[in-house]
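Below: one structure, written as structure tokens.
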Amino acid sequence: MRLDKYLKNSRLIKRRTVAKEACDGGRVSVNGRVAKAGTELEIGDVIHITFGNSSISVKVTALTESPRKEDAQEMYDIIQG
């Protein structure tokens, strides 16, 4: 699954366009490398997102195409935030 789509589906970022802009701006990294919006994710990947002066790291646990709002948090485990 594409990184920008995953960020939207997991509701880490509310809109896919915002997720794409964050990726293109270099604020998202996957497994320690700056990632583009089209980066393909796999289960077990670690995503680090920087929002202004705060940041969060999560581990991918599921790649669900269209999760319900209640199930979105089951797509990742927070490592540090």
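Computed from a predicted structure; not experimentally measured. For the single chain, residues carry numbers from 1 onward in sequence order.
Remark: Arg15 engages no residue in a salt bridge (Lys or Arg N to Asp or Glu O under 4.0 Å) (not counting sequence neighbours). Residues satisfying the salt bridge (Lys or Arg N to Asp or Glu O under 4.0 Å) criterion with Arg68, sequence neighbours excluded, are Glu70.
Side-chain contact annotation: His48 with Ser57, donor-acceptor N/O pair under 3.5 Å present.
Scanning both residues, Cys23 and Leu7, for their nearest heavy atoms gives SG-CD1, 4.2 Å. In terms of heavy-atom proximity, Tyr6 sits nearest to Met1 at CA-SD, 3.6 Å. Taking each heavy atom of Val30 and Ile47 in turn, the nearest pair found is CG2-CG1, 4.4 Å. Closest non-hydrogen pair, Arg2 versus Arg16, comes out as NE-NH2, 3.4 Å. Residues Phe51 and Leu12 approach most closely at CZ-O, 4.1 Å, considering heavy atoms. Minimum heavy-atom separation, Pro67 to Arg11: O-NH1, 3.8 Å.
Note that the CG atom of Asn31 and the NZ atom of Lys59 stand 10.0 Å from one another [nearest 0.5 Å]. Here the straight-line distance linking atom CD1 of Ile56 with atom OH of Tyr76 works out to 6.5 Å at 0.5 Å rounding. Atom OG1 of Thr50 sits about 8.5 Å away from atom CZ of Arg27, to the nearest 0.5 Å. For the atom pair CD1 of Ile49 and CG of Leu3, the computed distance is 7.5 Å after rounding to the nearest 0.5 Å. To the nearest 0.5 angstrom, Asp71 atom CG is 8.0 Å from Thr64 atom OG1. The distance from the CD atom of Glu74 to the OG1 atom of Thr61 is 8.0 Å, given to the nearest 0.5 Å.
Residue pairs meeting the side chain to side chain donor-acceptor pair (under 3.5 Å) criterion with at least one partner in residues 17-26, sequence neighbours excluded, are Lys20-Asp24.
Side chain of Asn9 to backbone of Ser66: no donor-acceptor contact under 3.5 angstrom is found.
In this structure, Gln73 places its CD atom where only 12 or fewer heavy-atom neighbours from other residues, nucleotides or ligands lie under 6.0 Å away.
Counting only heavy atoms from C-beta outward, the side chains of Val34 and Val28 never approach each other to under 4.5 Å.
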